[in-house]
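Each chain gets a letter, A, B and so on, in the order its sequence line appears, and its residues count up from 1. What you are looking at is a predicted structure, and each value in this text was computed from that prediction instead of being measured.
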2 protein chains.
Amino acid sequence: MIASTQSNHPLGGVKNFDRIPTSLDLACARLKSAGLRITQPRIAILETLIKRDHPASIEQIHHELTSDACDLVTVYRCLAVFEELGLVRRCFFHNGTSLYEINLNDSRHYHIVCRSCGKVERIDVSITDGVERMLRERGYDQVTHMVEFFGVCPACRKKAAEADPVSTTIAR
Amino acid sequence: MIASTQSNHPLGGVKNFDRIPTSLDLACARLKSAGLRITQPRIAILETLIKRDHPASIEQIHHELTSDACDLVTVYRCLAVFEELGLVRRCFFHNGTSLYEINLNDSRHYHIVCRSCGKVERIDVSITDGVERMLRERGYDQVTHMVEFFGVCPACRKKAAEADPVSTTIAR
DNA sequence: GTGGATGCAAAGAATTTGCAACCAA
DNA sequence: TTGGTTGCAAATTCTTTGCATCCAC
């Protein structure tokens with residue numbers, strides 16, 4: 001997969017399939033092997049998701065595409081396909097909106113979302129493996145899960161404390 | 001709180017405040033102490049949530065109210081108030097819809113939702129305390145979280161296997 | 001009596017669907 | 001060439017808002 005039989009140097013090939021596969025290559029391969037077509041809108045959306053590497057709303061993704069790369073409806077449809085394929089993961093945030101992020105190697109990580117500014121940070125821990133195993137033992141199939149943490153980030157706390165030094169010391 | 005000073009027997013009082021407080025009593029007390037009014041629609045919605053003790057959509061809750069107890073809009077508004085007060089917890093499910101469940105004593109538990117039939121089971125484990133603590137140490141405030149597990153329940157697996165014995169053996 | 005809460009209607013936002021035209025394989 | 005994809009428009013669903021009326025306190 002990394003280099004063809006025609007060349008031992010990973011970057012030395014002249015043909016496309018001699019390159020080290022990029023994230024986009026991997027995503028396209030997954031599309032292809034599912035019998036789906038690799039179209040301009042799909043490439044554009046995947047590139048945006050890969051470049052971003054952070055959850056984004058459908059609206060945001062559409063906005064970040066180079067202008068009129070495709071219709072908003074197409075973004076909806078493509079993301080539904082990507083999610084079905086597992087290329088993309090859907091997360092739900094405190095206000096109920098869903099965000100999408102690229103998920104090429106099923107990396108298990110979570111997010112902490114600031115209640116105030118909406119900033120998303122990544123948390124790289126694995127806390128739910130035991131539960132998933134337990135559920136499988138109970139007879140559940142295709143088990144996945146979703147975890148989101150919400151809180152007020154340090155920056156927003158500081159800002160709030162400066163604006164109103166008294167009330168912000170009271171925790172929820 | 002369990003019995004008034006007028007009676008030592010927990011069930012022996014004649015007045016309302018001599019009863020053991022019910023869940024509804026507790027919820028109403030929380031409303032009152034927040035300066036909010038105890039109205040017929042609010043009582044009806046709370047009773048439905050308490051009786052159910054399982055996540056339900058706004059539509060379902062409205063439907064389960066004894067006919068024309070209140071308008072759908074009122075259910076929306078009441079649930080927003082209850083959520084704000086922490087009387088109710090909002091969960092997000094695989095299709096992106098939000099469900100609400102009563103949350104009178106901040107019990108930490110999660111759900112496993114069947115992808116196929118939508119059945120919700122409760123999981124009583126605590127897996128995220130360590131992460132919440134870590135986030136607070138990093139400077140986050142008002143930290144909460146949300147966890148949902150999705151899978152195909154044993155009953156649906158069996159049903160699917162009977163309908164199509166070949167393809168259902170392939171795990172995701 | 002008074003202000004918070006509700007009902008109704010209507011607006012607004014988010015998402016889905018139908019169908020003809022298009023283009024990747 | 002052909003069927004999966006897309007764009008556009010319109011339908012549908014979900015949620016919020018405005019305002020007059022009502023009723024809990």
*Nearest-nucleotide wise, let me know which of A:G35 and B:K32 is further upstream toward the 5' end of DNA chain D.*
A:G35
*Looking for any heavy atom pair under 4.0 Å, which part of the strands does B:L36 touch: base, sugar-phosphate only, or nothing?*
sugar-phosphate
*So what does A:R42 hit on the nucleic acid, given a heavy-atom distance under 4.0 Å: a base, only sugar-phosphate, or nothing?*
sugar-phosphate
*In whole angstrom, give the distance that lies between atom CG of B:L72 and atom C1' of D:dT13.*
12 Å
*asked:* Between B:V75 and B:R37, which residue's closest nucleotide on DNA chain C lies nearer the 5′ terminus?
replied: B:R37
*When only distance counts, do a donor and an acceptor, one from the side chain of A:R77 and one from the base of D:dG7, lie under 3.5 Å apart?*
yes
*Separation of C:dT6 P from B:Q40 CD (nearest whole Å)*: 10 Å
*To the nearest Å, how far apart are A:L31 CG and D:dG4 P?*
15 Å
*Nearest-nucleotide pick for A:D71, side chain only, options being D:dT16, D:dC8, D:dT6*: D:dC8
_With no hydrogens and no angle check, just 3.5 Å: does a side-chain donor-acceptor pair link A:E121 and B:Y140?_
yes
*May I ask you to verify if any side-chain N or O of B:T74 is less than 4.0 angstrom from the OP1 or OP2 atom of C:dA5?*
no
*Look at all strands and tell whether B:I58 reaches a base, only sugar-phosphate, or nothing, counting heavy atoms closer than 4.0 Å.*
nothing
*Do B:T74 and B:D71 have side-chain atoms, one donor and one acceptor, less than 3.5 Å apart?*
no
*Could you tell me if the ring centre of B:H145 sits under 6.0 Å from that of B:Y110?*
yes
*Below 4.0 angstrom, N of the basic side chain to O of the carboxylate: do A:E137 and A:R133 qualify?*
no
_From the set D:dA24, C:dA9, D:dC8, return the single nucleotide nearest to any side-chain atom of B:V73._
C:dA9
_B:T39 vs C:dG4: side-chain N/O to OP1/OP2 distance below 4.0 Å_ = no
